[in-house]
Undergrad: 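Pasting a structure below so you can have a look.
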Protein chains: 2
Amino acid sequence: MADVNWLDRPDVTDRRAGPAVIDYELIELLFFAYRDFVAEPDQALAALGFGRAHHRVLHFVNRNPGLRVTDLLETLRITKQSLGRVLKQLVDEGYIDQTPGPVDRRQRLLYATDKGKRLAVDLAARQSARIQAALDGTPPETREAVRGFLDRMIDRTPYVVADDEES
Amino acid sequence: MADVNWLDRPDVTDRRAGPAVIDYELIELLFFAYRDFVAEPDQALAALGFGRAHHRVLHFVNRNPGLRVTDLLETLRITKQSLGRVLKQLVDEGYIDQTPGPVDRRQRLLYATDKGKRLAVDLAARQSARIQAALDGTPPETREAVRGFLDRMIDRTPYVVADDEES
DNA sequence: AATTTACGTCAGCCATATTGACTTATCTGA
DNA sequence: TCAGATAAGTCAATATGGCTGACGTAAATT
């Protein structure tokens with residue numbers, strides 16, 4: 001059952017049709033790192049009957065009190081219907097409050113309740129601990145290099161929400 | 001519709017119950033970076049009637065010719081039944097070949113076909129291009145810092161496959 | 001010969017996403 | 001003022017990718 005030694009392996013890929021060099025190492029490290037990065041919160045959430053989708057919603061609401069539903073849709077890049085189900089559960093179970101926007105009363109501004117804050121912070125603390133362990137003993141430049149790299153991995157082209165109607 | 005400026009925001013979290021400092025910035029950058037990292041292959045795959053699951057299987061088979069089904073299960077950390085579905089499609093549509101193990105004939109060693117290799121390389125090239133763009137203009141230390149960070153983000157505790165029977 | 005292993009399969013379930021169509025309330029601009 | 005746009009919610013159907021549980025079969029191991 002010898003482990004497959006994925007990391008630091010020779011590149012045996014047929015690259016006749018591809019570019020000169022493909023960074024398989026970082027591609028695979030990103031896959032494995034992200035897999036384990038989300039696995040820990042997933043476990044904690046499962047005990048509450050929640051999933052990854054609830055985590056994302058609660059996280060961004062907690063981080064941005066008074067967030068509008070539309071903002072959440074753009075951030076998560078999911079549809080209103082997908083969000084609806086998950087958000088409803090979080091509201092019903094007392095993790096998130098909705099209040100009408102003071103200026104635009106069509107809006108339902110979202111706030112994490114105390115219970116919601118506690119869960120959000122608990123999950124974030126686990127993930128942060130993993131990050132800090134991975135940075136442990138490295139100079140500040142390491143975190144800065146990682147920060148810059150991840151930042152530049154993000155699409156900067158403005159995201160357009162798939163037109164629901166108007167087509 | 002002003003964008004929510006997620007990055008570099010003040011930490012408004014109630015941390016009474018949490019650790020002194022939570023690295024929200026890297027937590028969120030990881031989410032956004034990974035979201036966009038997989039979104040591009042997803043689009044290309046959708047045109048072929050495949051999904052993210054097919055991508056992962058094809059990728060690791062292509063990278064490790066002669067991989068056993070068991071190895072793939074450990075790498076992806078999914079069940080045999082889940083793998084079965086997507087693997088069968090990839091085999092049926094000529095992206096992956098299965099051949100009996102020369103020494104242990106119970107094994108079905110997996111190989112990407114030429115067609116499979118072409119798709120795998122095409123997808124990897126897109127992801128690699130994104131990575132290279134994110135590293136563009138940075139010194140070699142940046143890639144090394146990222147590599148080390150991601151590597152240390154991976155769980156090192158040996159993964160035990162959920163006992164199917166033997167319980 | 002008995003047991004274990006590698007792999008596959010049937011059946012059903014769940015979570016998360018999708019598209020499309022429609023409603024309600026509210027805001028905004030000509 | 002009122003027509004149209006916008007914010008949000010909802011119903012229904014569908015797809016994908018996971019899961020558990022239960023079996024089956026062939027081949028290797030002890």
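Note: hydrogens, waters and symmetry copies are ignored here, and every other heavy atom, side chains too, is used. Letters A, B, ... are given to chains in the order of the sequence lines, protein chains preceding strands, and every chain is numbered from 1.
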Undergrad: Hey, is B:Glu25 close enough to A:Arg143 for a salt bridge, meaning N to O under 4.0 Å?
TA: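 Yes, this pair counts.
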Undergrad: Tell me every residue that passes side chain to side chain donor-acceptor pair (under 3.5 Å) with A:Gln107, counting only those two or more places apart in sequence or in another chain.
TA: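 None.
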Undergrad: What is the distance from CZ of B:Arg68 to P of D:dA27, rounded to the nearest Å?
TA: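 So the two atoms are 17 Å apart, to the nearest Å.
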Undergrad: Are any of the side-chain nitrogens in B:Arg118 or B:Asp122 under 4.0 Å away from the carboxylate oxygens of its partner?
TA: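 Looking at B:Arg118 and B:Asp122, the cut-off is not met.
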Undergrad: Enumerate all atom pairs, one protein N or O and one N or O from nucleotides 10-16 of chain C, separated by less than 3.5 Å.
TA:
{"unit_1": "C:dT16", "atom_1": "OP1", "unit_2": "A:Arg52", "atom_2": "N", "d": "3.2"}

Undergrad: With side chains defined as the heavy atoms from C-beta onward, is the minimum distance between A:Phe32 and B:Leu150 less than 4.5 Å?
TA: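 No - every pair of side-chain heavy atoms lies 4.5 Å or more apart.
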Undergrad: Are A:Arg77 and B:Asp36 within salt-bridge range, i.e. N to O under 4.0 Å?
TA: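 Counted as a salt bridge, because a side-chain N and a carboxylate O are separated by less than 4.0 Å.
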Undergrad: Please tell me if A:Thr79 has a side-chain N or O lying less than 4.0 Å from either OP1 or OP2 of C:dT18.
TA: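 It does, given that an N or O in the side chain of A:Thr79 lies less than 4.0 Å from OP1 or OP2 of C:dT18.
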Undergrad: Which nucleotide in the set D:dG9, D:dA7, D:dC19 lies at the smallest distance from any side-chain heavy atom of A:Val69?
TA: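 Selected nucleotide: D:dG9.
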Undergrad: B:Lys88 NZ to C:dC7 C1': how many Å, rounded?
TA: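 Distance, rounded to whole Å: 14 Å.
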Undergrad: When the C1' atoms of the five terminal pairs at each end define the local axes, what inter-axis angle does the helix from C:dA1-D:dT30 to C:dA30-D:dT1 show, to 10 degrees?
TA: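 That helix gives 20° between its end axes.
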Undergrad: Check the interface with nucleotides 24-28 of chain C: list each N/O to N/O pair with the protein under 3.5 Å, or write none.
TA:
{"unit_1": "C:dT26", "atom_1": "OP1", "unit_2": "A:Arg105", "atom_2": "NH2", "d": "3.4"}
{"unit_1": "C:dT26", "atom_1": "O2", "unit_2": "A:Arg106", "atom_2": "NH1", "d": "3.3"}
{"unit_1": "C:dC27", "atom_1": "OP1", "unit_2": "A:Arg105", "atom_2": "N", "d": "2.9"}

Undergrad: Test ring-ring contact (aromatic ring centres under 6.0 Å, His included) on A:Phe60 and B:Phe31 and set out the steps.
TA: CA-CA 11 Å; A:Phe60 285 112; B:Phe31 169 73; 5.4 Å; yes
Undergrad: Please list, one pair per line, the donor and acceptor atoms closer than 3.5 Å that link side chains of residues 38-52 of chain B to other protein atoms, with sequence neighbours excluded.
TA:
{"unit_1": "B:Glu40", "atom_1": "OE1", "unit_2": "B:Arg130", "atom_2": "NH2", "d": "3.3"}
{"unit_1": "B:Asp42", "atom_1": "OD1", "unit_2": "B:Arg52", "atom_2": "NE", "d": "3.4"}
{"unit_1": "B:Asp42", "atom_1": "OD2", "unit_2": "B:Arg52", "atom_2": "NE", "d": "3.0"}
{"unit_1": "B:Asp42", "atom_1": "OD2", "unit_2": "B:Arg52", "atom_2": "NH2", "d": "2.6"}

Undergrad: Using OP1 and OP2 only, check whether a side-chain N or O of A:Thr70 sits under 4.0 Å from D:dA8.
TA: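 Result: yes.
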Undergrad: Could you tell me whether the side chain of B:Ile96 reaches within less than 4.5 Å of the side chain of B:Thr113, counting heavy atoms only?
TA: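 The answer is no, as the side chains (C-beta and beyond) never meet within the 4.5 Å cut-off.
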Undergrad: Once you round it to whole Å, what is the distance between P of D:dA7 and CG of A:Leu83?
TA: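 A:Leu83 atom CG is separated from D:dA7 atom P by 15 Å.
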Undergrad: Distance check needed: C:dA17 C1' versus A:Lys80 NZ, whole Å only.
TA: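 Nearest whole value for this atom pair: 16 Å.
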Undergrad: What is the distance from CG of A:Asp42 to P of D:dG17, rounded to the nearest Å?
TA: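 Checked: the CG to P distance equals 17 Å.
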Undergrad: Regarding A:Glu28 and B:Arg63, does a basic nitrogen lie under 4.0 Å from an acidic carboxylate oxygen?
TA: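 Counted as a salt bridge, because a side-chain N and a carboxylate O are separated by less than 4.0 Å.
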Undergrad: Measuring to OP1 and OP2 of C:dG8, would you say a side-chain N or O of B:Gln98 lies under 4.0 angstrom away?
TA: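 Checking C:dG8 against B:Gln98, a side-chain N or O does come within under 4.0 Å of OP1 or OP2.
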Undergrad: Round to a whole Å and report the spacing from CG of A:Leu72 to P of C:dA17.
TA: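 Roughly 11 Å, once rounded to whole Å.
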Undergrad: Does the side chain of A:Phe149 reach to within under 4.5 Å of the side chain of B:Ile131, using non-hydrogen atoms?
TA: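 Contact flag for A:Phe149/B:Ile131 side chains = yes.
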Undergrad: So, are A:Arg35 and B:Asp155 salt-bridged, with charged N and O less than 4.0 Å apart?
TA: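 Judged by the 4.0 Å cut-off on N to carboxylate O distance, A:Arg35 and B:Asp155 do not form a salt bridge.
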Undergrad: Please state how far atom CG in A:Leu109 lies from atom P in D:dG9, giving the value in whole angstrom units.
TA: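 The answer, rounded to whole Å, is 11 Å.
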Undergrad: Mind jotting down which residue pairs meet the side chain to side chain donor-acceptor pair (under 3.5 Å) criterion with at least one end in residues 131-141 of chain B? Sequence neighbours excluded, please.
TA: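 For residues 131-141 of chain B, and leaving out neighbouring residues, the side chain to side chain donor-acceptor pair (under 3.5 Å) pairs sorted by first residue read B:Ser128-B:Gln132.
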Undergrad: Atom CZ of B:Arg77 to atom P of D:dT20: distance rounded to whole Å?
TA: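 That distance rounds to 15 Å.
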